[in-house]
Asks: 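Here it is, the structure, as structure tokens.
These numbers come from a predicted model, not from an experiment. Numbered from 1 within each chain, the chains take letters A, B, ... in sequence-line order.
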Amino acid sequence: MTQTLTFLGLESSCDDTAAAVVRQRDGGPAEILSSIVYGQTDLHSSFGGVVPEIAARAHAEKLDTCVRDALTQAHLSLDDLDAVAVTAGPGLIGGVMSGVMCAKGIAAARNLPLVGVNHLAGHALTPRLTDGIDYPYLMLLVSGGHCQFLIARGPELFTRLGGTIDDAPGEAFDKTARLLGLPQPGGPSVQAEAEMGDPDRFRFPRPLLDRPDCNLSFSGLKTALMRMRDQIIETQGGLTRRDRADLCAGFQAAIVETLVKKTQRALDLYLAEAPGRPTLAVAGGVAANTEIRKGLMQLCATSGTDFLAPPLALCTDNAAMIAYAGLERFRAGARDGMDLIARPRWPLDKTSPALIGSGKKGAKA
Amino acid sequence: MTQSIKPRCIPLDLSSGDKTTELAHRIARILNPGDVVLLEGPIGAGKTHFARSLIQSLLIEPEDVPSPTFTLVQIYDLAQCELWHADLYRLSHVDEVEELGLIAAFDDAICLVEWPEKLGELRPETALTLRLSVDPCEENCRHAELEWTCDTWDGRLKGLQE
């Protein structure tokens with residue numbers, strides 16, 4: 001039963017607007033024929049702030065161009081598509097809605113099936129798009145807005161082992177940058193400073209490490225950082241570059257240690273299920289941090305677990321992951337109609353509160 | 001003898017995170033649809049902690065209450081209305097507040113708004129403002145000020161002034 005499927009994916013749930021074309025022969029590896037992301041990274045660096053795209057109108061305008069460019073780059077036309085997949089949530093409602101409307105328009109005009117995708121499922125299935133790994137695998141989703149441990153069991157079946165109870169690490173990096181006058185986004189700028197600093201000069205808290213679960217908390221780090229900064233300023237009248245680098249290094253060390261230790265716990269729970277080929281996959285922008293990567297790789301090496309981090313362009317928001325997740329859902333029989341709605345909130349695993357349960361069902365479309 | 005223009009203010013010392021949670025629970029109990037609570041204060045002052053505690057005490061079924069910094073708005077379904085938790089820090093223009101749908105939500109939802117400075121002229125006069133600041137010496141201590149001008153809060157906040 002080899003059926004080649006070609007999917008158009010649309011993503012507009014966050015700051016970026018994206019379209020992509022992904023093709024897969026049944027049983028074969030998926031191929032990204034094109035992936036277009038209209039981000040605002042250039043704008044960010046020139047204006048020094050992070051400017052979200054709120055206007056549904058602006059997403060809608062960009063989507064048309066994105067779709068055209070994605071098809072052109074894939075050397076295809078709308079006639080070559082088998083279906084349209086679109087992020088139906090969670091996210092900013094205006095953006096999600098314009099994506100869903102655009103997808104409905106294309107599906108209706110070309111009489112194509114429509115598949116709604118959970119944005120987080122897109123991230124969580126990326127390791128299968130890039131490396132074709134088998135279920136079940138352990139996923140650490142770590143980005144500006146998210147931080148959770150998931151066991152991925154199927155295209156719509158995820159068990160959440162734990163996650164952040166307040167801020168996500170990406171947010172902690174951004175706010176650290178804000179507090180220290182470093183450019184946004186904070187991830188790269190704080191990491192660059194940390195490389196020049198001494199991680200042992202300032203001792204940051206390791207929240208929730210004393211608890212046996214897989215939950216994390218990063219909100220207290222920014223408060224600790226602020227206090228240390230203010231104390232230095234008070235005693236010496238200002239902050240030297242050295243101080244700033246040491247603060248960044250201490251902060252990053254706390255994030256790395258917390259993430260690695262909690263990942264160890266998630267890994268223990270996952271390995272207890274005796275998966276065929278144990279794999280830890282990391283996705284999300286924070287996965288780009290070299291220290292975090294190093295820590296997680298060491299952890300995997302000690303337990304004989306494969307470590308997988310998809311290329312950064314596929315770790316951050318993109319539409320190829322949406323096309324692929326839609327493709328998997330479609331192969332499993334999922335179809336959405338013109339009544340597909342945009343959902344601002346849509347947890348991947350509605351049944352696990354914070355700790356592990358077994359035989360949990362994932363979120364339904 | 002209403003003096004609806006003159007601001008009223010209750011100063012409070014919150015000696016720990018739990019005290020902030022307690023205050024959030026007390027405020028939660030007096031909120032009605034159409035109420036707006038504006039949360040002011042620098043990074044780390046406890047705005048999101050306050051909002052999270054308030055929201056969690058009102059949720060029918062427990063669910064995640066993430067920081068809205070990235071998503072700008074998180075919307076929750078309560079028994080009687082929606083609750084909007086917004087963080088306006090990342091907004092660059094006041095028009096974007098309209099785009100978010102926040103102004104419409106002010107009418108019939110309960111709204112908690114972080115970084116309300118970004119509202120400019122759109123700041124609702126009937127809102128309750130909670131101003132949080134960090135104590136320079138005591139690590140877990142926060143100072144709070146509740147401020148309002150609209151009479152509707154007078155009776156509801158009476159119990160807080162001790």
Asks: About how many Å separate OG of A:S143 and CZ of B:F70, when rounded to the nearest 0.5 Å?
Replies: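 Spacing of CZ (B:F70) from OG (A:S143) equals 7.5 Å.
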Asks: With heavy-atom distances below 4.5 Å as the criterion, would you say the side chains of B:T48 and A:D166 are in contact?
Replies: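 Of all side-chain heavy-atom pairs linking A:D166 with B:T48, none is under 4.5 Å.
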Asks: Side-chain contact test, heavy atoms from C-beta onward, threshold under 4.5 Å: evaluate it for B:T69 versus A:D167 and give yes or no.
Replies: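 They are not in side-chain contact.
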Asks: Under a 4.5 Å cut-off applied to non-hydrogen side-chain atoms, are A:D174 and B:R90 in contact?
Replies: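 A side-chain contact is absent here, since even the closest heavy-atom pair is not under 4.5 Å.
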Asks: Once you round to the nearest 0.5 Å, how far does OG1 of A:T223 lie from CG of B:N140?
Replies: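 It is 9.0 Å, given to the nearest 0.5 Å.
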Asks: Given side chains that start at C-beta, do those of A:L92 and B:L100 come closer than 4.5 Å, heavy atoms only?
Replies: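 A side-chain contact under 4.5 Å exists here.
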Asks: Relative to chain A, which of B:E63, B:Q74, B:E61 shows the most heavy atom pairs under 4.5 Å?
Replies: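 Looking at each option in turn, the highest pair count goes to B:E63.
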Asks: Are any non-hydrogen side-chain atoms of A:R227 and B:V134 less than 4.5 angstrom apart?
Replies: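 Yes; the side chains approach each other to less than 4.5 Å.
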Asks: Given that the side chain runs from C-beta out, which part of B:P136 has a heavy atom under 4.5 Å from chain A: side chain, backbone, both or neither?
Replies: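 Backbone only.
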Asks: Can you confirm whether A:M226 is buried at CE, in the sense that more than 12 heavy atoms of other residues, nucleotides or ligands lie under 6.0 Å from that atom?
Replies: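 Counting other residues, nucleotides and ligands, CE of A:M226 exceeds 12 neighbours.
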Asks: Can you give me the closest heavy-atom contact between B:R52 and A:I165, atom names plus distance?
Replies: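 What the structure gives for the nearest pair is NE-O, 3.4 Å.
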Asks: Does any non-hydrogen side-chain atom of A:R178 lie less than 4.5 Å from one of B:Y89?
Replies: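 Of all side-chain heavy-atom pairs linking A:R178 with B:Y89, at least one is under 4.5 Å.
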Asks: Above 12 or not: heavy atoms from other molecules or residues under 6.0 Å from CD of B:E138?
Replies: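 Not buried by this count: 12 neighbours or fewer within 6.0 Å.
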Asks: Between A:D230, A:L179, A:L225, which has the largest tally of heavy atom pairs under 4.5 Å with chain B?
Replies: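 Winner by heavy-atom pair count: A:L179.
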Asks: Could you tell me which non-hydrogen atom of A:R160 sits nearest to which non-hydrogen atom of B:D64, and how far apart they are?
Replies: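 In this case the closest contact between A:R160 and B:D64 is NH1-OD2, 2.6 Å.
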Asks: Specify the closest pair of heavy atoms between A:K175 and B:S67, including all atoms of both residues, with the distance to one decimal.
Replies: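 What the structure gives for the nearest pair is NZ-OG, 4.4 Å.
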